[in-house]
2 protein chains.
Amino acid sequence: MTTMKEIAQATGVSVSTVSLVVNGRDQGRVKPDIAKRVRAEAKKIGYRPNPLARSLRTSHTRIIGFVSEEVATTPYAGGIIMGAQDAAARLGYMLITVSTDGVAEEEREFAALKRYGVDGFLYAKMYNQLADVPPVLRQLPVVVANGIERTGMVPSIAPDEYGIGYNATKRLINAGCQRIAYIGDQDPILAQGLRFKGYQSALGDAGITADPKLVANVGFNQEAMDAVEAMIEAGNPDGFFCFNDSRSWYVYQAAARRGLTIGRDWSLVGVDNHRVFAETLAPRLTTIELPHYEMGYWAACKLVSMIEHKDESPALHTQTRAPLPSLQAPRPALIHCQLIEKDSVR
Amino acid sequence: MTTMKEIAQATGVSVSTVSLVVNGRDQGRVKPDIAKRVRAEAKKIGYRPNPLARSLRTSHTRIIGFVSEEVATTPYAGGIIMGAQDAAARLGYMLITVSTDGVAEEEREFAALKRYGVDGFLYAKMYNQLADVPPVLRQLPVVVANGIERTGMVPSIAPDEYGIGYNATKRLINAGCQRIAYIGDQDPILAQGLRFKGYQSALGDAGITADPKLVANVGFNQEAMDAVEAMIEAGNPDGFFCFNDSRSWYVYQAAARRGLTIGRDWSLVGVDNHRVFAETLAPRLTTIELPHYEMGYWAACKLVSMIEHKDESPALHTQTRAPLPSLQAPRPALIHCQLIEKDSVR
DNA sequence: GTGAAAGCGCTAACAG
DNA sequence: CTGTTAGCGCTTTCAC
């Protein structure tokens, strides 16, 4: 491990001078040629500052605490983590990850994170929902990913569920479907209501009257399968918008049983939560991927900007469905995000 | 942030004494009643040591670098991370996660991790394979998860693929199946070969002669579907062992097309990589879950023990299919793991 | 412009 | 047994 001291000795200046130079704060304070010598030596011995020592003085660490509640049981978390991780790396930050399924241990974990001097928290939810950020976390900058903070005071990013529903349905309409079914979730979670609204709007905008016989909100297993079958019998659909891959599965099964083929006899657009369809049968165009990676990426960017600009102004509450600004995530993806940002009142 | 200094002042002793006491190294060095006073004060003001300051002296941080290559594109990583995270938390460690899909940035990321003073690396692969640990990482304790390090000098944990194949097939035999098909992967990855071996052994042990007409190693999409159909026509199976959920999917489709029901007309045991079957149609007993969480958990435990016991003895190479020792992972799961451990030669 | 000195919170060597 | 001293690597006054 190379230190400033070594540079100082090699160049015959003091540690303080080295500090100024390597931190780029030598303008008009250190003679240019000395600065040059120092920089040269630093490069030569491959000097890298020790972030721990630095943070002991400055009490900021360039470490972000990635807190995910309820996430262990889902395969989605990975994408959010990866997005956050990529953004953080680009901005010179590190991620410390902590999950808190065990209710009781939360406080302990958060305390530990604080002791490690994290500069802020990225609070990720397992599925899009109204989120209550634990008060302990609020003491530092926080951003919510895959959820919307209840009070509107914390920047959040979540999938644009309405947009997903609208867009999916639109695609089915454009594909020539006349009787488009909605296969949703029986639980009244955010995504369910909003995607359904999007579905309805798209139908309305196309001058199609929604038929309640074409809607099946189901759970799991045989019961769900039966409900889908019943809906198909009653509604005779030719296109399907499916809430997630479990629901798509029921339609594929129903099709197979009738000797029909998805993509020829029936059209289907589904959200591919588990990525299983992407690698199996469904042609790419019929799946919508939730923007987990992108949410992680944006959340980390936003968090860093808050940390560095001390951007904590009291705030308005705005929503936008525009493409993510300055995101530039490296993965091409169908991005449907909804940003809840605090706007400073200027 | 509470400090030792505060405790020292409040109790009228020196910081060094406080240090000894709060670190539990006061046996026969500090008078019991002083120690008691110090401890009381520490508890009263809720003292928690500052790990950063500590590591500045000791140069170990109780931070583990979680490095996952090629992991961003799969939903599996989450489980490994969560397992590692849980184990680490229990042992008083933190996880810093880093993914390195971008080939070029690896070195930079690893260097950053080192600068943050990680005590060791957890190197996670995206699917079970022979792993080459980047040399930079080898300078610190390393454990490989979801892969087997090529030289056998690095402790590794991977799914017991053979056991998975054997067990799955055994279950089908016990369920009364006579003609058991194997639907595998056309790519010659580790899991493919080993699960197939397990399948063959189970058949052999039951006195069933393997029929090549019952084997289909396939890729994706319609081609795969067709191959599975052809195999079914040719082999007339009544039971299926499927390599993963994509492959199970083809069988479910084939069944539906024939008006058959899995679990009644056909038996199926499949590996449920994406967890989609677990929540959809398949009864629990027919799916095998890869032990991602458990691998992460074990790997972290092992790594910490190496870090703390400086367990770096040159080593034998042993394999075991026994249940994980001292694992006690909180999740109930069908655990099939293969441990590659270095054994000290004593 | 530059360096000496102090200090972040903690541990470790050594006196007493 | 306990306190003093020194120092981990860095930043930050504050004299010179």
Side-chain angles (χ1 to χ4, degrees), chain A residues 1-39 41-42 45-63 92 111-112 114-119 308, chain B residues 1-39 41-42 45-63 92 111-112 114-119 308:
Chain A
M1 175 119 312
T2 68
T3 73
M4 286 191 172
K5 204 169 160 190
E6 296 171 29
I7 302 183
Q9 273 157 1
T11 53
V13 297
S14 79
V15 192
S16 348
T17 306
V18 175
S19 175
L20 285 179
V21 174
V22 300
N23 288 313
R25 298 198 276 98
D26 57 316
Q27 291 299 25
R29 329 243 272 107
V30 176
K31 235 184 293 188
D33 57 317
I34 289 213
K36 201 146 297 174
R37 284 226 320 279
V38 169
R39 257 185 271 274
E41 179 66 18
I45 68 172
Y47 171 75
R48 309 264 64 194
N50 179 332
L52 268 50
R54 174 181 304 191
S55 63
L56 194 53
R57 282 295 312 203
T58 62
S59 58
H60 54 249
T61 51
R62 302 187 82 83
I63 296 179
K114 283 250 195 71
R115 261 177 282 128
Y116 274 93
V118 298
D119 293 337
E308 297 187 347
Chain B
M1 176 121 309
T2 68
T3 74
M4 286 189 171
K5 203 168 160 193
E6 296 172 28
I7 302 183
Q9 273 157 2
T11 54
V13 297
S14 78
V15 191
S16 350
T17 307
V18 176
S19 174
L20 284 178
V21 174
V22 300
N23 288 312
R25 299 199 275 98
D26 57 317
Q27 291 299 24
R29 329 243 271 106
V30 177
K31 232 185 291 186
D33 58 319
I34 290 215
K36 199 147 298 174
R37 284 225 321 278
V38 169
R39 256 185 271 276
E41 178 66 17
I45 68 172
Y47 171 75
R48 309 265 66 195
N50 178 332
L52 268 49
R54 175 182 305 190
S55 62
L56 194 53
R57 280 301 310 208
T58 61
S59 60
H60 55 248
T61 50
R62 302 187 81 83
I63 296 179
K114 283 248 194 74
R115 260 177 284 128
Y116 273 93
V118 298
D119 294 338
E308 297 188 346

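What you see below is based on every heavy atom in this structure, not just the backbone, and it leaves out hydrogens, waters and symmetry mates. Chain letters run A, B, ... following the sequence lines, proteins first, then strands; residues in each count from 1.
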Please report the distance, rounded to the nearest Å, between CD in A/Gln9 and C1' in D/dG9.
13 Å
In terms of side-chain geometry, is the basic nitrogen of A/Glu308 or A/Arg62 positioned less than 4.0 Å from the acidic oxygen of its partner?
yes
Got B/Gln9 and B/Met4 here, is their nearest side-chain heavy-atom distance under 4.5 Å?
no
Non-hydrogen atoms of A/Tyr116 and A/Thr61 that approach each other most closely:
O-CG2, 3.7 Å
Indicate, with a heavy-atom threshold strictly under 4.0 Å, whether B/Leu52 touches base, sugar-phosphate, or nothing.
nothing
Starting at atom OH of A/Tyr47, determine the distance to atom C1' of D/dT11, rounded to an integer number of angstrom.
11 Å
Is any side-chain N or O of B/Asn23 closer than 4.0 Å to OP1 or OP2 of C/dT11?
yes
Going through the distances and angles, do B/Ser19 and B/Ser16 end up as a side chain to side chain donor-acceptor pair (under 3.5 Å)?
CA-CA 5 Å; B/Ser19 174; B/Ser16 350; over 6 Å; no
Quiz item: B/Arg57 side-chain donor-acceptor pair to D/dG7 base, under 3.5 Å:
yes
B/Ala53 vs B/Pro32, nearer the 5' end of DNA chain D by closest nucleotide:
B/Pro32
Before accepting this row, confirm whether a basic side-chain N of the pair A/Asp26/A/Arg39 lies closer than 4.0 Å to the acidic partner's carboxylate O.
yes
Over how many whole Å does the gap from B/Lys5 atom NZ to C/dG9 atom C1' extend?
9 Å
Does B/Arg54 have a side-chain nitrogen or oxygen under 4.0 Å from the phosphate oxygens OP1 or OP2 of C/dG9?
no
D/dT11 P sits how many Å from B/Leu56 CG, rounded?
12 Å
Taking any heavy-atom pair under 4.0 Å as a contact, classify B/Thr3: base, sugar-phosphate, or nothing.
sugar-phosphate
Donor-acceptor pair under 3.5 Å: do we get one between B/Ser19's side chain and the base of C/dA12?
no
Rounded distance in Å - CG (B/Leu20) to P (D/dG3)
11 Å
I need the CD1-P distance between A/Ile45 and D/dG9, as an integer number of Å.
12 Å
Minimal non-hydrogen separation, A/Arg48 against A/Thr2, with atom names
N-OG1, 3.5 Å
Nearest non-hydrogen partners of B/Ala53 and A/Leu56, listed with the distance
CB-CD1, 3.6 Å
Calculate the interatomic distance between B/Tyr116 atom OH and D/dC10 atom P; express it in whole Å.
13 Å
Any donor-acceptor pair under 3.5 Å between the side chain of B/Ser16 and the base of C/dT11?
no
Nearest-Å distance for atom pair CZ/C1', residues B/Arg48 and C/dC10:
15 Å
Does D/dG3 have OP1 or OP2 under 4.0 Å away from a side-chain N or O of B/Thr17?
yes
For DNA chain C, the residues among residues 24-31 of chain B that have a non-hydrogen atom under 4.0 Å from it
B/Arg25
